[in-house]
Engineer: 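My questions will all concern the structure given below.
Being a predicted model, the structure only gives us computed values, none of them experimental. Lettering of chains follows the sequences in order, A, B, ..., and the numbering in each one begins at 1.
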2 protein chains.
Amino acid sequence: MSLETDFEAVHTLADKVCAELCMAIERGELRPGDKLNEQALVERYGGSRIPIREAIQKLEARHLVKRIPHAGARVVKHTLKELRDIYEVRQELEGMACRLAAQRMSDNAIQALADLLAAHATTIAHDKGQSYYQKAGDLDFHYRIIQGSDNHRLQRMLCGELYHVVRMYRYQTSTSKQRPLQALAEHQRIVEALAARDAELAELLMRRHIQVSLNNLERLMKEELAS
Amino acid sequence: MSLETDFEAVHTLADKVCAELCMAIERGELRPGDKLNEQALVERYGGSRIPIREAIQKLEARHLVKRIPHAGARVVKHTLKELRDIYEVRQELEGMACRLAAQRMSDNAIQALADLLAAHATTIAHDKGQSYYQKAGDLDFHYRIIQGSDNHRLQRMLCGELYHVVRMYRYQTSTSKQRPLQALAEHQRIVEALAARDAELAELLMRRHIQVSLNNLERLMKEELAS
DNA sequence: TTTACTTGCATTGTATACAAAGATACTATT
DNA sequence: AATAGTATCTTTGTATACAATGCAAGTAAA
């Protein structure tokens, strides 16, 4: 099961087109501000305009596009302030998820998370600069903790709404060489807190981890703007 | 500007039907588990199936209905666990909003909030048992604090997604005679914390306020189940 | 009597066609 | 030359029609 397919069964054409467009946006093939012309999408993905429109509406629910009546849909474009807002909420909700996970995850699940990090360590040692897989590993780590919160609504808000936008920025910004190693160290401290069932510490560490992530993102965005 | 119309301009038929259905669900005219038959809705609200389907999709984005491919849409039905999950998230996000509001709201806005509570006090003294307007007042209070957080994403998540579901339960459960007075006292303490710019206390008080709200809701639901 | 299969019906998903709103380009006037 | 107004054209919103899926009722066999 890949994170790409979004763990959702696809039964209708609208679902399929939605998944395709979602990937295209997250990967940066469709960039912020780009227009989604319905007729053009029909020619690209097949089908008729009806399922295409449904797909666009689903993307709107995921906060990936903004629709304006009679003017069409465009890929969302965030100001720096809005990006900070998103990360502020993400900090709160993932901090919460981590706190709850410390109280509710099974010992086995925590052990499995520790094993996952060990695997990441060897991956980073071998594939220096293969940032794509490292990013996927990072997402997997966060995903498991969110699942560990055992709060279904929290899971939907984080995985179903916030994370699509977060992924959109993560995939597109380059990662510095030393960041994966630093992130791994932070992940390991979080797992230690989980294993110790120290909910307060686990929450604090997760919040800081995400703060660092935002700082990096802001720096990279400024560099790209400058170049 | 009424809370009912959801402060969103309505330019298309789909938007209009969505707003109508939203009200119907929040008011309990459509009850959890009820099916939304597209043809029936066409006969009730006019238009054709296309805008009706769009309206239903918008309701899905608000977490008010659940659609299953080839099986139709039904009003969401929450287990007690899921209701607790929702309030757990609400506690976190409104606590956050209150903390941020203590740091970011203008002095004028805080004063206006205090004035609003004074008005509520006289309303409660006069309209004993007129719980509808008291509930509207409560929503207005929470709404203003959320706006005060100055975090647009947080506002969208709370007002655009969580609150529709919360309202759905609030309108339908009766309120005890003494609860409005107790709630007002809690609101007043929160405003005092905001005025003192005590973010930590403001967050704590808001979290407790929502916890009380959940306890009341659980008690009422159990009573209704028993009867 | 129960169960499994088949057939018909109701409902949703999709395609095509038409209406209306917005954008653009051109012309006329100041 | 600049601007306002108008006409055309593109694009979205909506209606109607068809296809396909799922559900239910009814029948036949065990």
Side-chain angles (χ1 to χ4, degrees), chain A residues 5-6 8-25 29-77 160, chain B residues 5-6 8-25 29-77 160:
Chain A
T5 58
D6 215 11
E8 288 164 9
V10 172
H11 285 116
T12 74
L13 180 55
D15 286 335
K16 203 159 69 183
V17 173
C18 175
E20 296 242 19
L21 286 172
C22 196
M23 279 198 331
I25 293 172
E29 295 159 23
L30 285 168
R31 301 187 65 92
D34 282 1
K35 176 136 190 225
L36 298 180
N37 184 301
E38 296 178 1
Q39 190 56 41
L41 293 175
V42 164
E43 283 151 24
R44 169 110 203 258
Y45 293 100
S48 79
R49 274 181 57 216
I50 303 303
I52 298 290
R53 280 172 67 84
E54 278 214 24
I56 292 175
Q57 275 199 274
K58 285 176 190 290
L59 293 177
E60 190 183 29
R62 295 179 186 188
H63 303 279
L64 282 177
V65 309
K66 181 171 176 58
R67 277 199 340 152
I68 297 174
H70 300 108
R74 289 179 180 277
V75 178
V76 285
K77 197 171 187 175
Chain B
T5 57
D6 214 11
E8 288 165 9
V10 173
H11 286 114
T12 74
L13 181 55
D15 286 336
K16 202 159 69 184
V17 173
C18 175
E20 297 243 16
L21 286 172
C22 196
M23 279 199 330
I25 292 172
E29 295 159 24
L30 286 167
R31 301 186 65 90
D34 283 1
K35 177 138 188 223
L36 297 181
N37 184 299
E38 295 179 0
Q39 190 56 42
L41 293 175
V42 165
E43 283 151 23
R44 172 111 204 265
Y45 294 100
S48 78
R49 273 181 57 217
I50 302 302
I52 298 289
R53 280 173 67 83
E54 278 214 24
I56 292 174
Q57 275 198 272
K58 284 174 188 292
L59 293 177
E60 190 184 29
R62 297 180 183 187
H63 303 278
L64 283 176
V65 310
K66 181 172 176 58
R67 279 198 338 152
I68 297 174
H70 300 109
R74 290 179 179 278
V75 179
V76 286
K77 198 172 187 175

Engineer: Looking at CG of Leu21(B) and CD of Glu29(B), how far apart are the two atoms once the value is rounded to the nearest 0.5 Å?
Structural biologist: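 Here the interatomic distance stands at 10.0 Å.
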Engineer: Taking DNA chain D as the partner, which of residues 35-44 of chain A come within under 4.0 angstrom of it by heavy atom?
Structural biologist: Lys35(A), Leu36(A), Asn37(A), Glu38(A)
Engineer: Using only atom types and a distance under 3.5 Å, with no angle test, would you say the side chain of Arg67(B) pairs donor to acceptor with the backbone of Ala73(B)?
Structural biologist: no
Engineer: Can you measure His70(B) atom NE2 to dC23(D) atom C1' for me and round it to whole angstrom units?
Structural biologist: 13 Å
Engineer: Which atoms of nucleotides 14-16 of chain D (N or O only) lie under 3.5 Å from a protein N or O atom, and what are those distances?
Structural biologist:
{"residue": "dT14(D)", "atom": "OP1", "partner": "Leu13(B)", "partner atom": "N", "Å": "2.6"}
{"residue": "dA15(D)", "atom": "OP2", "partner": "Ser48(B)", "partner atom": "N", "Å": "2.6"}
{"residue": "dA15(D)", "atom": "OP2", "partner": "Ser48(B)", "partner atom": "OG", "Å": "3.1"}

Engineer: Using the side chain to side chain contact (heavy atoms under 4.5 Å, CB included) rule, pick out the option among Val76(B), Asp34(B), Val65(B) that qualifies with Ile25(B).
Structural biologist: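 That would be Val65(B).
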Engineer: Quick check for you: to the nearest 0.5 Å, what is the distance between Ile50(A) atom CD1 and Arg49(B) atom CZ?
Structural biologist: 10.0 Å
Engineer: Want to settle it: does Gly72(B) or Ala71(A) sit nearer the 5' end of DNA chain C, counting the closest nucleotide to each?
Structural biologist: Gly72(B)
Engineer: Are Leu13(A) and Glu54(A) packed together at the side-chain level, in the sense that at least one heavy-atom pair is separated by less than 4.5 angstrom?
Structural biologist: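 They are not in side-chain contact.
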Engineer: Quick one: CG on Asn37(A) to CZ on Arg44(A), what's the gap to the nearest 0.5 Å?
Structural biologist: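 Those atoms lie 13.0 Å apart.
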Engineer: Does any part of the side chain of Cys22(A), heavy atoms only, come nearer than 4.5 Å to the side chain of Leu64(A), both counted from C-beta?
Structural biologist: yes
Engineer: Pair Ile56(A), Glu38(A) - check side-chain contact (heavy atoms from CB on, under 4.5 Å), show working.
Structural biologist: CA-CA 9 Å; Ile56(A) 292 175; Glu38(A) 296 178 1; 4.2 Å; yes
